[in-house]
Amino acid sequence: MRLKEIKAAVLKKGWAGRTLSRQATAERLCPLITAHMALNHSYNSAASHHQSPEVRSGIARLQRTARTDVGKLMEVVFSCGAVPPNGTDMEPERFLLPDEGMLKSLQDRERAFQASLREEQALNHQIRTEAVISHLLTSSSDRLDHLRSSIREEASTR
């Protein structure tokens, strides 16, 4: 059990002690926002180009939540007094996925993003930031579950 978990169990609330400063929080979350936007572009590519209508509709459904999740991260950065990246410099064409192994590639990208979230979760963020990161991990797990089942389904039809 980590120290943070022990404090939460003993104190019956978030945790005690020092948390990351607002500036440090913004500096740590901005790269996550950029990574999430890049991941969303990859999902949009799959939603547009995958051959299965079921996969496309499932991805489109999950993307509604993913776009909201980016907004939640941006709100935290704004509340820290910083300006988050807005993604206007990102070219969607850079995130196109190969036709062969599209879902596997997307799964690898999602796992890398989830690893970044887990790294952040290990830090002593403020309670609101911690809640947003926890929510993003849940959303990421939902996307991975969808990808796993889609990959299995795709393999069984071959």
Which residues pass the side-chain contact (heavy atoms from CB on, under 4.5 Å) test with [X], not counting sequence neighbours?
| X | answer |
| --- | --- |
| Arg152 | Ser149 |
| Ala112 | none |
| Ala131 | none |
| Arg67 | Asn40, Asn44, Gln63, Arg64 |

Could you give all pairs that pass the salt bridge (charged side-chain N to carboxylate O under 4.0 Å, His left out) test and reach [range], with sequence neighbours left out?
| range | value |
| --- | --- |
| residues 33-44 | none |
| residues 69-90 | Glu75-Arg128 |
| residues 34-46 | none |

Does any pair with a residue in residues 22-33 pass side-chain hydrogen bond (donor to acceptor under 3.5 Å, both in side chains), and if so which ones, sequence neighbours excluded?
-> Gln23-Glu27, Arg28-Glu120
Return each pair, listed once, that meets ring pair (Phe, Tyr, Trp, His ring centres under 6.0 Å) where at least one residue sits in residues 43-65; pairs must be two or more places apart or across chains.
->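 Counting only pairs at least two positions apart or across chains, no ring pair (Phe, Tyr, Trp, His ring centres under 6.0 Å) contact touches residues 43-65.
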Any ring pair (Phe, Tyr, Trp, His ring centres under 6.0 Å) involving residues 85-114? Give me the pairs, sequence neighbours left out, ordered by first then second residue.
->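 Ring pair (Phe, Tyr, Trp, His ring centres under 6.0 Å) check on residues 85-114 returns His36-Phe113, His41-Phe95.
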Who passes salt bridge (charged side-chain N to carboxylate O under 4.0 Å, His left out) against Arg109, sequence neighbours left out?
->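 None.
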Residues forming a salt bridge (charged side-chain N to carboxylate O under 4.0 Å, His left out) with Asp145, sequence neighbours excluded | Arg148
